[in-house]
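Here is the structure we will look at, set down as structure tokens.
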Amino acid sequence: MTVRPPRLALVTGAGSSTGIGYATAELLGRNGYRVAVAATGPRIHERVAALRAQGIEASGWVCDLTDPAAVALLTSSLGPVDVLVNNAGMAIEGIVDAQRPLVEMSLELWNQIVQRNLTTAFLATRACLPAMIAAGFGRIVNISSTTGAVAGVAGDSAYAAAKAAMLGMTRSLCLEVATAGITVNAVAPGWIATGSQTEAERRAGIATPLGRSGRADEVAAAIAFLCSDASSYVTGQLLVVDGGNSVVESRA
């Protein structure tokens, strides 16, 4: 009798110890997955050490996810990926792009933000899909944002465009792969208390209906559900995790 190894989950953008990516990898690992985590810098190896200290089978990869060759090397080194969480984006090594009015935004900055937040997901998904299709199983979870997907922030047009496009990609792709046993969903976090959260964002979190920012582990719980067998009939959906902030009509 052949014993199948635990499913392999690849979580991108998991370099920060306080971020959604690491919290997701930790929860998936506790749920029995083998976990591969990727980030742009060597601090990813610290995350791997922390995961392994908890008894989680984990590997870490330094990878420029905007580079098709680097993504191809990553996925070929890993072998078949069962679960892909496209979390890369927003910040590199904790540094967030400055906001700019559209009229003042350079094409270089626009392309940089779109590549980091959208193209990374495209490249990772394209690389992982063939093995998922061959296996007849897969879970893809794209980490979008309330910015772009359900609301807007002045000065954040490139980021909002990329995150809205990620939702569009989710909905189209789910139809392409549904008969292959693959689900594709998106999660839209609101104001989340990570290490890169600004003071203005912290205040915005206090103004939500729940009166606080969310935690990375609360977003991870939503992601883990969409990665699980329990979500097998859920695809093409956007799960908003924002403390009810996006449904408030009157703030008077």
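Under a hydrophobic clustering in which Ile, Leu, Val, Met, Phe, Trp and Tyr are joined whenever their side-chain heavy atoms come within less than 4.5 Å, directly or via other members, Leu173 and Val81 fall into the same cluster. Leu226 and Leu167 are not part of a single hydrophobic cluster, where members link through side-chain heavy atoms under 4.5 Å apart. Under the 4.5 Å side-chain contact rule for hydrophobic residues, Leu10 and Val219 do not share a cluster. Using a 4.5 Å cut-off between side-chain heavy atoms of Ile, Leu, Val, Met, Phe, Trp and Tyr, with links allowed through other members, Phe225 and Ile20 fall into the same hydrophobic cluster. Linking ILVMFWY side-chain heavy atoms closer than 4.5 Å, directly or via other members, places Val11 and Leu27 in two distinct hydrophobic clusters.
A 4.5 Å side-chain heavy-atom check between Asn117 and Lys163 finds at least one atom pair inside the cut-off. In this structure, the side chains of Leu129 and Glu176 stay at 4.5 Å or more apart for every pair of heavy atoms. Using a 4.5 Å cut-off on side-chain heavy atoms (C-beta onward), Pro209 and Asn245 make contact. The shortest side-chain heavy-atom distance between Ser17 and Glu46 does not fall under the 4.5 Å cut-off. Considering only heavy atoms from C-beta on, Ile143 comes within 4.5 Å of Pro189 through its side chain. In this structure, the side chains of Leu238 and Asn185 stay at 4.5 Å or more apart for every pair of heavy atoms. In this structure, the side chains of Glu201 and Ser213 stay at 4.5 Å or more apart for every pair of heavy atoms. Between Val85 and Cys227 there is a side-chain heavy-atom pair separated by less than 4.5 Å.
In this structure, Arg116 does not pair ionically with Asp64, as no charged nitrogen and carboxylate oxygen lie closer than 4.0 Å. A salt bridge links Glu218 with Arg212: the closest approach of a Lys/Arg side-chain nitrogen to an acidic carboxylate oxygen falls below 4.0 angstrom. A salt bridge is defined here as a Lys NZ or Arg NE, NH1 or NH2 lying under 4.0 Å from an Asp or Glu carboxylate O, and Arg202 with Glu199 meets this definition.
Put simply, CG on Asn86 and OG1 on Thr170 are 8.5 Å apart, with the number rounded to the nearest 0.5 Å. Atom OH of Tyr159 sits about 6.0 Å away from atom OG1 of Thr147, to the nearest 0.5 Å. With rounding to the nearest 0.5 Å, the separation of CD1 in Ile56 from OH in Tyr33 is 13.0 Å. We find the CD1-SG distance between Ile182 and Cys128 to be 10.5 Å, quoted to the nearest 0.5 Å. The CD atom of Gln237 sits 7.0 Å away from atom CZ of Arg171, with the distance rounded to the nearest 0.5 Å. The OG1 atom of Thr75 lies 10.0 Å from the CG atom of Leu123; values are rounded to the nearest 0.5 Å.
Side-chain N or O atoms of Thr194 include none that pairs as donor or acceptor with a backbone N or O of Thr18 at under 3.5 Å. Listed for the Thr125 side chain is no donor-acceptor partner under 3.5 Å among the backbone atoms of Phe122. Between the side chain of Asp242 and the main chain of Ser246, a donor-acceptor pair closer than 3.5 Å is present. For the pair Thr208 (side chain) and Gly205 (backbone), a donor-acceptor distance under 3.5 Å is present. Counting only distance, with no hydrogens or angles, the side chain of Arg7 and the backbone of Arg34 share no donor-acceptor pair below 3.5 Å. Here the side chain of Ser144 pairs no donor or acceptor atom with the backbone of Ala188 at under 3.5 angstrom.
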Kindly determine whether Leu109 and Arg100 satisfy side-chain contact (heavy atoms from CB on, under 4.5 Å), including the steps that lead there. CA-CA 9 Å; Leu109 179 57; Arg100 293 282 188 278; 3.9 Å; yes
Carefully, step by step, assess Cys63 and Ile44 under the rule side-chain contact (heavy atoms from CB on, under 4.5 Å). CA-CA 10 Å; Cys63 182; Ile44 194 65; over 6 Å; no
Run the side-chain contact (heavy atoms from CB on, under 4.5 Å) check on Arg139 and Val184 step by step: do they pass? CA-CA 6 Å; Arg139 296 283 185 270; Val184 188; over 6 Å; no
Go through the steps for Trp191 and Ile206 under the test side-chain contact (heavy atoms from CB on, under 4.5 Å), then give the verdict. CA-CA 9 Å; Trp191 304 116; Ile206 293 173; over 6 Å; no
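Every salt bridge (Lys or Arg N to Asp or Glu O under 4.0 Å) that Asp217 has, sequence neighbours left out, goes to Arg215.
Across all their heavy atoms, Leu73 and Ser77 have their closest contact at O-OG, 2.7 Å. Between Ala121 and Met166, the shortest heavy-atom distance links the atoms CB-CE, 3.7 Å. In plain terms, the two heavy atoms of Ser231 and Thr183 that are nearest each other are O-CG2, 4.4 Å. Taking both residues in full, the closest heavy atoms of Ala165 and Leu118 are given as CB-CD2, 3.6 Å, listed atom of the first, atom of the second, then distance. In this structure, Gln99 and Ala154 approach most closely via the heavy-atom pair OE1-O, 3.8 Å. Across every non-hydrogen atom of Asp82 and Phe137, the tightest pair is O-CE2, 3.9 Å.
Partner of Ile223 under the side chain to side chain contact (heavy atoms under 4.5 Å, CB included) criterion, chosen from Asn87, Leu28, Asn142, Val141: Val141.
Within 6.0 Å of the CD atom in Glu57, the count of heavy atoms belonging to other residues, nucleotides or ligands does not exceed 12.
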